[in-house]
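Below is one structure, written out as structure tokens; the observations come after it.
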Amino acid sequence: MRIGVPNERYAGEKRVATTPDVAAQLMKLGYAVAVESGAGESANFSDETYREVGCSIVSRDEVWAESDIVMKVRGPEDDEPDRLKSGQTLISFLWPAQNPDLLQKLKDKGVTALAMDSIPRISRAQKMDALSSMANIAGYRAVVEAAQHFGRFFTGQITAAGKVLPAKILVIGAGVAGLAAIGAAKSMGAIVRSFDTRPEVKEQIESMDAEFLMLDFEDGEDGSGEGGYAKVMSDEFIAAEMALFAEQAKDVDIIITTALIPGRPAPKLITAEMVESMKDGSVIVDLAAEQGGNCELTRPNECYKHNGVTLIGYTDMASRLATQSSQLYGTNLRHLLTDMTPEKDGNIVVDFEDEVVRGATVVKEGEITWPPPAPKISAAPPKPAPKPEPVKEVEAKPKSFVPTAIGMAIAAIALLAMGSVAPPDFMAHFTVFVLACFVGYMVIWNVTAALHTPLMSVTNAISSIIVIGALTQISSTTPLIKWVAIGTVLITSINIFGGFAVTRRMLEMFRK
């Protein structure tokens with residue numbers, strides 16, 4: 001099959017759906033790649049770099065007419081829907097919920113369309129999640145734009161000319177874009193605060209050395225929604241939230257908003273009164289501008305000043321880093337095609353048994369398949385714990401000391417019998433032997449196995465006593481005693497040196 005990459009017609013769009021590096025990997029899957037002349041120039045990829053990896057550079061008419069798969073960034077614009085033909089596959093951002101008319105056109109054309117914005121947010125699909133890739137870039141770029149319009153350093157400094165205070169930044173929404181903004185702002189030395197309705201992101205924010213703003217709200221309402229997004233909150237929660245933002249607006253220098261709710265306009269979080277309460281020279285970057293904006297005064301695709309505060313409502317943040325965003329988006333597409341080309345023979349397979357492909361496919365062969373069914377949950381729900389069985393009370397029987405007494409009596413009789421016939425020297429050595437067995441039992445066998453390693457230091461002392469005894473017998477004239485002493489010295493030496501080595505390694509664990 002042939003993949004066609006046309007030039008983007010959307011005003012101001014600089015991204016391209018594939019890069020030379022990604023195109024080379026697509027060709028390894030068996031595809032031929034044709035790129036419209038000039039498609040990558042805005043992203044700093046010349047036609048020559050595409051030719052060097054084996055791509056064909058063709059005209060606009062040819063890329064649409066002779067391609068089996070058309071890969072784009074934006075959905076079809078102007079006359080592009082009319083250029084599609086039955087049997088073709090279109091892969092791009094389509095936003096099916098907001099563009100029902102476009103879905104109808106694609107259905108009438110008999111094409112198969114996959115929306116990159118509809119990739120299900122499950123673990124296996126993270127490598128294809130173009131929304132996260134672009135949000136990451138948008139969050140980083142938001143800090144760059146804020147720095148461009150902010151009249152001071154981000155980091156604090158002490159110079160001969162005076163002290164420079166660090167900038168204070170508030171990031172509202174700690175999704176992918178928000179976390180990227182926090183990381184970029186912290187790397188530039190700013191003081192960063194962040195707020196999110198989802199309590200589970202608190203640890204993520206604090207792990208990046210930013211301050212998580214806790215909302216003083218007694219009901220403990222959770223803002224976690226489906227797919228990692230936030231949900232609509234109660235009126236009481238919103239009132240407490242707005243009071244927090246009003247207080248922060250008077251203190252911070254820069255506000256970056258990223259709050260979005262799927263299928264709804266962006267929630268209004270920054271009012272005109274909050275903007276007017278901010279200090280002169282402050283900046284607001286509204287990453288939700290394309291969906292109406294989180295600030296009441298945001299103008300989509302505009303940057304202007306209101307009462308001394310700069311409001312940035314650009315909707316093309318990812319496109320402002322076109323080279324990087326094209327590389328990431330192209331990689332997302334490549335991962336998707338890799339999964340859809342099981343035989344690596346250049347033939348795409350739209351398998352509805354694959355929940356990722358099913359979720360992304362909005363039109364298949366002239367039939368609208370959106371919305372998809374909810375993704376399956378791979379983890380089985382935990383089984384309820386079995387009810388504990390009632391414990392039957394059993395009368396405790398008194399322990400009998402008869403067996404113990406009999407054993408002690410037999411041992412005493414045996415010792416008396418041995419003492420009556422054994423020489424005095426033997427009994428002295430035997431007494432030491434019994435005591436050694438008792439000490440060894442208490443030190444080793446009667447101790448929990450987990451404590452054996454710390455006890456190596458104690459057993460070193462015992463081994464030292466043994467090795468001294470062996471050294472006194474190593475010069476014996478009796479060959480048997482001499483070789484037993486040599487073996488004893490060898491074994492106890494291993495124990496001694498090994499014990500000190502283990503003890504040293506344990507002590508090193510507590511040293512910085």
Side-chain angles (χ1 to χ4, degrees), residues 1-10 13-77 80 83-84 88-94 111-117 119 125-134 136-137 318-319 321-350 356-357 360:
M1 284 186 165
R2 188 184 196 190
I3 296 174
V5 181
N7 199 348
E8 298 295 326
R9 293 289 181 255
Y10 188 85
E13 182 58 70
K14 298 179 180 179
R15 291 171 291 178
V16 63
T18 195
T19 65
D21 291 340
V22 175
Q25 297 179 61
L26 291 175
M27 285 185 277
K28 291 180 180 178
L29 295 174
Y31 294 101
V33 181
V35 181
E36 181 181 346
S37 179
E41 287 183 358
S42 297
N44 300 317
F45 300 111
S46 64
D47 291 348
E48 186 60 31
T49 58
Y50 285 105
R51 286 194 185 95
E52 288 174 357
V53 298
C55 298
S56 303
I57 304 300
V58 298
S59 64
R60 184 187 182 196
D61 293 338
E62 186 177 349
V63 78
W64 284 97
E66 299 185 9
S67 298
D68 302 296
I69 303 170
V70 177
M71 296 196 317
K72 285 178 52 50
V73 179
R74 300 273 183 170
E77 297 280 336
E80 290 178 338
R83 290 176 173 271
L84 290 166
Q88 282 184 322
T89 300
L90 172 67
I91 307 176
S92 70
F93 284 110
L94 293 173
V111 303
T112 296
L114 283 81
M116 292 302 292
D117 48 273
I119 294 287
Q126 288 181 356
K127 60 186 178 181
M128 315 167 204
D129 190 354
L131 285 177
S132 294
S133 298
M134 299 302 103
N136 181 29
I137 295 173
S319 185
L321 289 172
T323 303
Q324 184 67 74
S325 56
S326 297
Q327 182 67 36
L328 293 180
Y329 180 68
T331 302
N332 293 141
L333 289 173
R334 193 258 300 172
H335 283 305
L336 177 62
L337 287 177
T338 300
D339 283 5
M340 296 180 68
T341 316
E343 302 298 328
K344 306 296 185 289
D345 57 354
N347 291 306
I348 193 171
V349 177
V350 183
V356 177
V357 176

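Remember, predicted model here, so these are calculated numbers, not experimental data.
- Counting only distance, with no hydrogens or angles, the side chain of D68 and the backbone of I3 share no donor-acceptor pair below 3.5 Å.
- Side chains of M27 and C55 form a contact here, defined as non-hydrogen atoms less than 4.5 Å apart.
- The shortest heavy-atom contact between T49 and P20 is OG1-CG, 3.5 Å.
- Residues L336 and M116 form a side-chain contact, since some pair of their non-hydrogen atoms from C-beta on lies under 4.5 Å apart.
- The closest side-chain heavy-atom distance from M128 to D339 is below 4.5 Å.
- The side chain to side chain donor-acceptor pair (under 3.5 Å) test with E8 singles out one residue from K72, R15, K14, and that residue is K72.
- At a threshold of 4.5 Å between non-hydrogen side-chain atoms, the residues M340 and V349 do not count as touching.
- A side-chain contact (heavy atoms from CB on, under 4.5 Å) with L337 is found for exactly one of T89, L114, L26, namely L26.
- The shortest distance between side-chain heavy atoms of Y31 and I69 falls below 4.5 Å.
- The shortest side-chain heavy-atom distance between V22 and L333 does not fall under the 4.5 Å cut-off.
- Taking a cutoff of 4.0 Å between a charged side-chain nitrogen and a carboxylate oxygen, E62 and R2 qualify as a salt bridge.
- Ring geometry, Y329 versus F93: the interplanar angle falls under 30°, so the pair is classed parallel (tilted spans 30 to 60°).
- The two residues S326 and A322 come nearest to each other via the heavy atoms OG-O, 2.7 Å.
- Note that OG of S67 is 11.5 Å distant from CE of M1, once rounded to the nearest 0.5 Å.
- Going from atom CG of D61 over to atom CD of E66 covers 10.0 Å, rounded to the nearest 0.5 Å.
- When the shell of 6.0 Å around NZ of K28 is examined, it contains 12 or fewer heavy atoms from other residues, nucleotides or ligands.
- The structure places CD of Q327 at 9.5 Å from OG1 of T323, a figure rounded to the nearest 0.5 Å.
- For T18 against A23, the heavy-atom pair with the smallest separation is OG1-N, 3.6 Å.
- Under the side-chain hydrogen bond (donor to acceptor under 3.5 Å, both in side chains) criterion, the residue pairs touching residues 33-43 are R9-E36, S37-D47, with sequence neighbours excluded.
- Contact annotation: the side chain of L328 approaches that of M134 to within less than 4.5 Å [non-hydrogen atoms, C-beta and beyond].
- A salt bridge does not link R83 to E80: none of the charged side-chain nitrogens sits closer than 4.0 Å to a carboxylate oxygen.
- Note that CD1 of I119 is 9.0 Å distant from CG of L131, once rounded to the nearest 0.5 Å.
- In plain terms, the two heavy atoms of L94 and D117 that are nearest each other are N-OD1, 2.7 Å.
- The shortest heavy-atom contact between V350 and T112 is CG2-CG2, 4.2 Å.
- When every heavy atom of L321 is checked against every heavy atom of I137, the shortest pair comes out as CD1-CG2, 3.7 Å.
- The distance from the OG atom of S92 to the CD atom of E77 is 9.5 Å, given to the nearest 0.5 Å.
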